[in-house]
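Heads up: numbering here begins at 1 and tracks the sequence. Keep in mind the model is a prediction, meaning the values are calculated, not measured.
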Amino acid sequence: MANSEDDSNKPNSGNFRYLIVNPHNGGFPDLARFFMKKDKASGAKFLESSDEGVLEEELGGAAHGDDDDGETPDHRWVIFVSILVRKIIGIFRKPMEWTGYLVEFFLNFFTVNGSFLGLLYNILHGKIVLPNRGSETFISAIGHLDGRIYLHKSETITRAVGEPESLERVVEVETGSRTLMDLCIMASKLAYENELVVRNVVNLHWKMHFVDFYNCWNDFQKDNSTQVFILCDKPKDANLILVSFRGTEPFDADDWSTDFDYSWYEIPKLGKVHMGFLEALGLGNRVNASTFQENLGIMNKKSTNMNGIDVRTSASELSSSFGDSDSQGGSEQSFYSEQPAKVSKEKFFPQMGEKTAYYAVRSKLKDLLQEHKNAKFVVTGHSLGGALAILFPVVLVLHKEEEVLQRLLSVYTYGQPRVGNRQLGRFMEAHLDHPVPKYFRVVYCNDLVPRLPYDNKTFLYKHFGACLYYNSLYIEQKVDEEPNRNYFGIRFLIPEYLNAMWELTRSFLAGYAYGPEYKEGWVSTLARVVGLVIPGISAHSPLDYVNSVRLGRERIQMSSL
């Protein structure tokens with residue numbers, strides 16, 4: 001356990017502090033002893049920290065609270081829940097993976113063969129078509145939950161220019177508009193698909209310009225599991241650049257484990273940040289915690305502490321010297337400035353051999369902003385993708401990318417989990433609320449994920465930014481925090497199940513009440529049935545977020561840029 005070592009041996013000793021919660025190093029008896037008896041030896045199997053003070057803070061009695069409110073309460077309960085849930089998820093990891101493959105195979109098997117009757121016809125004529133994962137016709141489980149691919153039909157969404165056979169959509173949006181919200185939720189939903197599907201929808205159906213799709217390295221999952229794509233509203237002289245991160249896959253145990261992870265990394269003057277989300281962006285590796293400091297720390301003074309190299313530069317300049325070089329075959333030119341100092345990627349970031357989301361997106365975004373002088377950019381995502389979407393500008397602020405941030409139009413997240421503590425929220429609100437609000441966190445009804453990781457007055461993680469909350473009638477409110485912010489409240493239990501019953505009933509009536517566009521298929525209805533057992537799961541579907549944006553009443557008027 002790291003806290004038992006001498007501080008001088010710590011890979012990130014200094015101002016950088018962290019807590020790693022590892023559910024795999026101990027058994028259920030150890031977990032019970034840690035929770036019930038506050039047994040340090042049992043807790044040592046699950047917890048690794050930068051110093052002894054971190055454990056004292058987490059287990060109560062330390063005077064280093066998140067909000068400077070005095071002594072920090074005992075966090076054993078939330079740590080216990082994090083470990084327990086992640087252990088259970090780990091047990092079902094392979095069954096979840098196999099179930100996902102089977103579900104998506106059979107859904108696509110019926111689709112490519114023309115549903116049930118088409119399949120019978122193909123069987124009789126010996127023309128059965130097998131789905132090809134990764135092809136332009138293979139749709140994810142999320143895509144089958146909600147098959148809509150077109151943007152909402154509205155005169156205000158786009159205007160057509162050019163000849164009818166080659167119409168080009170030019171997005172006319174302002175921050176806080178319904179138009180932009182619709183584009184962002186549809187892009188967030190589209191991010192669950194493979195590259196060929198994304199390309200076709202953007203180019204052929206949305207009449208916009210597909211830029212790139214990235215499968216990036218996730219150090220927590222040890223796989224290229226962070227997906228993100230970029231589009232422009234038109235190929236030349238674009239007005240809008242959109243970055244969309246993929247969210248939590250419904251059958252991916254690692255994604256759900258990330259959502260329930262309690263581990264954090266504290267950045268001086270900024271706050272505590274969810275460690276799993278930092279790893280998903282490619283900004284560090286909990287096996288070697290010093291990698292977070294290398295990617296997030298600002299080194300403005302002369303330093304020789306990294307492989308003996310003498311530098312006078314910041315972490316942002318170091319990273320931009322190679323940016324996306326492993327995919328583009330060269331070093332990147334700095335944005336509106338001279339070329340950065342040449343630094344060996346191998347010497348400074350030996351763990352970053354794979355393409356990582358933050359650096360790949362930032363590198364491409366800088367190129368696009370140089371190419372399209374009048375364009376602003378938007379970042380969006382659903383679920384886990386929403387967490388990455390808001391952390392992306394957080395790190396831009398940390399790396400002092402002022403020129404890039406001046407071109408930020410908005411950040412829209414849907415069903416986003418919490419990403420850090422209150423200090424982080426205060427820090428980012430100072431950057432994203434002026435001169436007008438730029439960060440909007442959309443939450444639908446009883447969605448479980450925005451209530452993760454657990455938060456109340458004794459715990460760490462806090463939401464920030466404007467919350468646009470929609471109830472099950474799609475009536476919207478602008479609130480500081482969604483109702484029942486921790487989901488598990490006893491007094492909300494009966495309303496949650498009653499609401500799940502209403503959502504199931506509504507799934508049969510939506511097409512008649514709202515129009516054919518809102519008719520739900522049998523896959524969505526099955527998800528509603530699951531919601532009768534765990535209401536917050538079915539409420540997390542992008543389907544209800546699309547409906548909320550398109551049907552939401554009492555529209556909130558936002559200031560325009």
Side-chain angles (χ1 to χ4, degrees), residues 171 183-184 187-188 190-191 193-196 198-199 201-203 206 208-218 224-246 280-283 295 315-337 339-340 343 345 349 352-381 385 388-412:
V171 179
L183 175 61
C184 286
S188 298
L190 185 60
E193 309 302 333
N194 66 61
E195 180 177 357
L196 294 180
V198 173
R199 183 189 300 271
V201 170
V202 171
N203 290 340
W206 295 358
M208 296 183 185
H209 175 58
F210 173 83
V211 176
D212 216 338
F213 185 98
Y214 300 99
N215 283 295
C216 297
W217 181 253
N218 184 325
N224 290 310
S225 58
T226 300
Q227 278 87 44
V228 54
F229 76 88
I230 305 175
L231 65 81
C232 296
D233 62 331
K234 51 182 178 175
K236 296 182 179 179
D237 300 322
N239 297 313
L240 182 71
I241 302 166
L242 185 143
V243 178
S244 180
F245 288 90
R246 178 188 63 80
L281 280 177
L283 292 168
N295 284 276
S316 60
E317 292 171 327
L318 290 175
S319 57
S320 38
S321 67
F322 48 79
D324 194 24
S325 59
D326 53 344
S327 63
Q328 297 179 358
S331 63
E332 169 194 353
Q333 298 292 322
S334 65
F335 190 53
Y336 301 149
S337 62
Q339 187 173 353
V343 186
K345 177 179 178 180
F349 295 93
M352 292 296 157
E354 301 284 347
K355 184 191 300 181
T356 56
Y358 171 75
Y359 293 115
V361 171
R362 191 187 67 176
S363 174
K364 191 64 177 181
L365 184 59
K366 286 183 176 182
D367 291 341
L368 291 171
L369 291 174
Q370 284 184 314
E371 180 182 351
H372 305 284
K373 300 298 184 182
N374 297 318
K376 291 183 178 293
F377 73 97
V378 176
V379 191
T380 191
L388 304 186
I390 184 56
L391 280 182
F392 180 73
V394 167
V395 183
L396 289 179
V397 170
L398 182 66
H399 286 174
K400 299 182 180 180
E401 298 283 358
E402 287 88 355
E403 295 91 347
V404 178
L405 289 164
Q406 287 174 2
R407 309 277 290 275
L408 173 64
L409 178 64
S410 296
V411 179
Y412 277 94

>> Quick check: do Val211 and Lys364 have side-chain heavy atoms less than 4.5 Å from each other?
In response: yes

>> Tell me the closest heavy-atom pair linking Leu242 and Cys184, and the distance in Å.
In response: CD1-SG, 4.2 Å

>> Working to the nearest 0.5 angstrom, can you tell me the gap between Thr380 OG1 and Ile390 CD1?
In response: 11.0 Å

> What heavy-atom pair brings Val202 and Phe210 nearest, and what distance separates the two atoms?
Replying inline: CG1-N, 3.5 Å

>> Test your reading of the model: is there a side-chain donor-acceptor pair from Thr226 to the backbone of Asn218, 3.5 Å cut-off?
In response: no

> Sub-3.5 Å donor-acceptor pair from the side chain of Lys400 to the main-chain atoms of Val397, do we have one?
Replying inline: no

> Is any side-chain heavy atom of Leu183 closer than 4.5 Å to a side-chain heavy atom of Val378?
Replying inline: no

> Taking the side chain as C-beta and beyond, is there a heavy-atom pair between Phe377 and Leu408 under 4.5 Å?
Replying inline: yes

>> On a heavy-atom basis, which atom in Pro393 and which in Leu405 lie closest, and how many Å separate them?
In response: O-CD2, 4.2 Å

>> Looking at every heavy atom in both Asn295 and Leu283, which two are closest together, and how far apart are they?
In response: CB-O, 3.3 Å

> At what distance, to the nearest 0.5 angstrom, does CZ of Arg199 lie from NE2 of His209?
Replying inline: 9.5 Å

> Which heavy atom in Cys232 sits nearest to a heavy atom in His372, and how many Å separate them?
Replying inline: SG-NE2, 4.1 Å

>> Within this structure, what is the NZ-CZ distance for the pair Lys373 and Arg407, rounded to the nearest 0.5 Å?
In response: 7.5 Å

> So how far is it from Ile230 CD1 to Ile241 CD1, rounded to the nearest 0.5 Å?
Replying inline: 8.5 Å

>> Between Gln227 and Phe213, is there a side-chain heavy-atom distance shorter than 4.5 Å?
In response: yes

>> Counting C-beta onward and ignoring hydrogens, is there a side-chain heavy-atom pair between Leu388 and Tyr358 closer than 4.5 Å?
In response: no

> Using 30° and 60° as the class limits, which term best fits the ring planes of Tyr359 and His399: parallel, tilted or perpendicular?
Replying inline: parallel

> Tell me, do Glu401 and Leu365 make a side-chain contact under 4.5 Å, heavy atoms counted?
Replying inline: no

>> Return the CG to OG1 distance between Leu281 and Thr356, rounded to the nearest 0.5 Å.
In response: 8.5 Å

> Any side-chain heavy atom of Lys366 sitting closer than 4.5 Å to one from Leu369?
Replying inline: no

> Does the side chain of Phe392 reach to within under 4.5 Å of the side chain of Val243, using non-hydrogen atoms?
Replying inline: no

> So, the side chain of Arg246 versus the backbone of Glu193: is there a donor-acceptor pair under 3.5 Å, distance only?
Replying inline: no

>> Quick check for you: to the nearest 0.5 Å, what is the distance between Leu231 atom CG and Leu368 atom CG?
In response: 10.0 Å

>> So which atom in Phe245 and which in Ala357 form the shortest heavy-atom distance, rounded to 0.1 Å?
In response: CE2-CB, 4.3 Å

